[in-house]
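The structure appears right after this line, and notes come after that.
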Amino acid sequence: MINSLSGRFLLLTIIFVMIAEVLIFVPSVARFRQDYLLARLEKSQIASLSVLASQNQGITTDLAKELLDNAGVYNVVLRRDAASQLVLSSPVPGPVTTMVDLRDPSALYLIVGAMKQLFDPPEGVIRVIGSPTRAAGSLIEVAMPQAPLRTAMIDYGLRVLALSAVISIISAALLFLAVRRFMVRPIKRVVSSMEAYAEAPEDARRVIQPSSSITELRAAEDTLAELQTRLTGSLKQKERLAQLGGAVAKISHDLRNILTTATLLADRMERSEDPAVQRSAPKLVNSLSRAVNLCEGTLAFGRVDEAPPKLAMTAVEDIVEDVLKSEQLSTTSDISFDWDVPAHMMVRCDAEQIYRILGNLVRNARQALEASGKPGIIEIFADEASDGWRLTVSDNGPGLPPKAREHLFTAFEGGVRKGGTGLGLAIAAELARGHGGSLTLTRSDAQGTEFQLFLPKENAVFEQAAQ
């Protein structure tokens, strides 16, 4: 109970209400003490005026004692006309231990005096000085016992504390019920929803339905609902990807066998005496070899064991030329291809994987230009620096949409064109990381798009892996 939110709130409420009551108790007791002493002064003044009125006839000792007992004092001194007169008197049982001046006292003076009065011994005599009412004199002074005042103050304080306790309990109970109704129950509902969702997160029916009327809890429910919706969608997507991966693996396995047969037939075509066949056969063999390698790579990707790159010093110009000429054969639009690669530039890389990276980038650029319906140009630049090699693929197309840039290298989310899967850039980025390098988007605006592939020279780790 005490560890629950409502239990702790109940305890804190009682504590805070009691603190507030204590802060009220102190000035209340001081005020009670002041009223008590003023009442004694007023009664003493009335008694002294009665004595003065019958001064010519005189009063008996019994009457004087009765007047003092009624006023609750030992003696009364009244100052009138610049002269002090002991109007009523009786024996004082002891010395004066406390003096209280009620002539325009400050609040702090009254509070300190009242607290001191509570902790002083009950025995003793109080000397009280005040101003008479209705201009009956310039000063009135009495001596009175301390014990009755202290007893009255304690009784009053106990009543105040008892009333404070009742108020605290009632307030705490009401707040306890309010907290359970407006906070604890909605929080428990959120927790129950989270537990139910955790049992089957792929079930969209278990996503929390925000319904709280409290602003903060409603914001928490909205955020939780959005998070659960995204997670459910992600789980469904991963499940479908797993199923798709199994299907692709089977298709790639069978396709690899078919392409192997086609490769054998292409090898025979190379021995043909037809000049046109002899010119086309090598390109056909290369294309079939790449298709077989792609199928094998797909199978490896499905097993999450992509082979490390086989690094070797390679003439990058040959790769660039092969990529651009292959894409040139695929286009039917007014698109030109150009490259600027230093002659005899050698790059330490896996030629097949670099071909796949550049092929994906050039193919995306070609498809973007064809979709725009305008003539364009695709260029590849290469340069060498002290830290590595940089290959830049650029076009003057319409640029990438914002949604595509947000998830550019994420499979099935970074598709650039309608119907695209985004696999091309995801695979290209993964192959670049396999070389220890990176693939980055350096520019995409209305003037075109530019990607940069960086291959570091410090990749001894990959050389060892390749060996």
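Bear in mind that the values here come from a model prediction, so they are computed numbers and not experimental data.
The two atoms that bring Ala365 and Asp395 nearest to each other are CB-OD2, 3.5 Å, heavy atoms only. Minimum heavy-atom separation, Tyr36 to Pro148: OH-CB, 3.6 Å. Ala432 approaches Ser438 most closely through the heavy-atom pair CB-C, 3.9 Å. Across all non-hydrogen atoms, the minimal contact from Val76 to Ser48 is CG1-CB, 4.0 Å. Here the closest non-hydrogen pair linking Val96 and Arg127 is CG1-CB, 3.7 Å. Ser193 approaches Ile208 most closely through the heavy-atom pair OG-CB, 3.2 Å.
Contact annotation: the side chain of Val207 approaches that of Tyr197 to within less than 4.5 Å [non-hydrogen atoms, C-beta and beyond]. Considering only heavy atoms from C-beta on, Trp389 stays 4.5 Å or farther from Cys349 through its side chain. Between Val77 and Val87, the closest side-chain pair of non-hydrogen atoms is not below 4.5 Å. In this structure the side chain of Asp120 never reaches within 4.5 angstrom of the side chain of Thr97, judged on heavy atoms. Between Tyr74 and Pro145, some side-chain heavy-atom pair lies under the 4.5 Å cut-off. Contact of the Thr440 side chain with the Phe451 side chain is not registered, since no non-hydrogen atoms from C-beta on lie closer than 4.5 Å. The side-chain heavy atoms of Leu149 and Gln117, taken from C-beta on, include a pair separated by under 4.5 Å. Between Arg363 and Asn360, the closest side-chain pair of non-hydrogen atoms falls below 4.5 Å.
For Ser372 (side chain) and Leu369 (main-chain N/O), a donor-acceptor pair under 3.5 Å exists by modelled atom type. In terms of modelled atom types and a separation under 3.5 Å, the side chain of Ser234 and the main chain of Arg230 share no donor-acceptor contact. Looking at Lys457, its side chain does come within 3.5 Å of a backbone N or O of Ala385 through a donor-acceptor pair. No donor-acceptor pair closer than 3.5 Å links the side chain of Ser131 to the backbone N or O of Arg103. Looking at His435, its side chain never comes within 3.5 Å of a backbone N or O of Pro456 through a donor-acceptor pair. Side chain of Arg150 to main chain of Leu118: a donor-acceptor pair is present (N/O by atom type, distance under 3.5 Å, no hydrogens or angles).
Classification of Arg159 and Asp155 as a salt-bridged pair fails, no side-chain N sitting under 4.0 Å from a carboxylate O. Taking the charged nitrogens against the carboxylate oxygens, Asp35 and Arg33 have no contact shorter than 4.0 Å, which rules out a salt bridge. Using a 4.0 Å cut-off between a side-chain N of Lys or Arg and a carboxylate O of Asp or Glu, Lys310 and Glu352 do not qualify as a salt bridge. With respect to Arg189 and Glu221, a salt bridge is recorded, a charged nitrogen being found less than 4.0 Å from a carboxylate O.
The side-chain contact (heavy atoms from CB on, under 4.5 Å) test with Ile129 is passed by exactly one of Leu139, Val142, Leu37: Leu139. Across Leu361, Asp383, Leu358, a single residue satisfies side-chain contact (heavy atoms from CB on, under 4.5 Å) together with Leu391, and that is Leu358. Pro210 pairs with exactly one of Leu224, Asp222, Thr223, Val190 by the side-chain contact (heavy atoms from CB on, under 4.5 Å) rule, that one being Asp222. Of the listed residues (Val323, Ile335, Asn396), just one forms a side-chain contact (heavy atoms from CB on, under 4.5 Å) with Ile378, and that residue is Ile335.
Checking Gln85 against Arg79 by side-chain atom types alone, no donor-acceptor pair falls below 3.5 Å. No side-chain N or O of Gln353 forms a donor-acceptor pair with one of Arg356 less than 3.5 Å apart. With hydrogens and angles left out, the side-chain atoms of Glu450 and Ser444 include no donor and acceptor closer than 3.5 Å. Checking Thr442 against Gln452 by side-chain atom types alone, no donor-acceptor pair falls below 3.5 Å.
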**Glu199/Arg206 under salt bridge (charged side-chain N to carboxylate O under 4.0 Å, His left out): CA gap, chis, key distance, verdict** = CA-CA 9 Å; Glu199 294 176 358; Arg206 297 181 180 238; 3.4 Å; yes
**Test side-chain contact (heavy atoms from CB on, under 4.5 Å) applied to Val29 and Met115, step by step** = CA-CA 8 Å; Val29 171; Met115 294 299 101; 4.3 Å; yes
**Item:** Candidate pair Leu453 and Ile357, rule side-chain contact (heavy atoms from CB on, under 4.5 Å), full reasoning
**Value:** CA-CA 9 Å; Leu453 171 64; Ile357 295 174; 4.0 Å; yes
**Request:** Output, in order, the C-alpha distance, side-chain angles, deciding distance and verdict of salt bridge (charged side-chain N to carboxylate O under 4.0 Å, His left out) for Arg366 and Glu370.
**Result:** CA-CA 6 Å; Arg366 174 178 63 80; Glu370 289 177 348; 3.1 Å; yes
**Request:** Please test Val128 against Glu141 for side-chain contact (heavy atoms from CB on, under 4.5 Å), starting from the C-alpha separation and ending with a verdict.
**Result:** CA-CA 6 Å; Val128 184; Glu141 178 181 341; over 6 Å; no
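Rounded to the nearest 0.5 Å, atoms CD (Gln228) and CG (Leu231) are 8.0 Å apart. Considering CD1 of Ile126 and CZ of Arg40, their distance stands at 10.5 Å, rounded to 0.5 Å. With rounding to the nearest 0.5 Å, the separation of CZ in Arg31 from CG in Leu38 is 7.5 Å.
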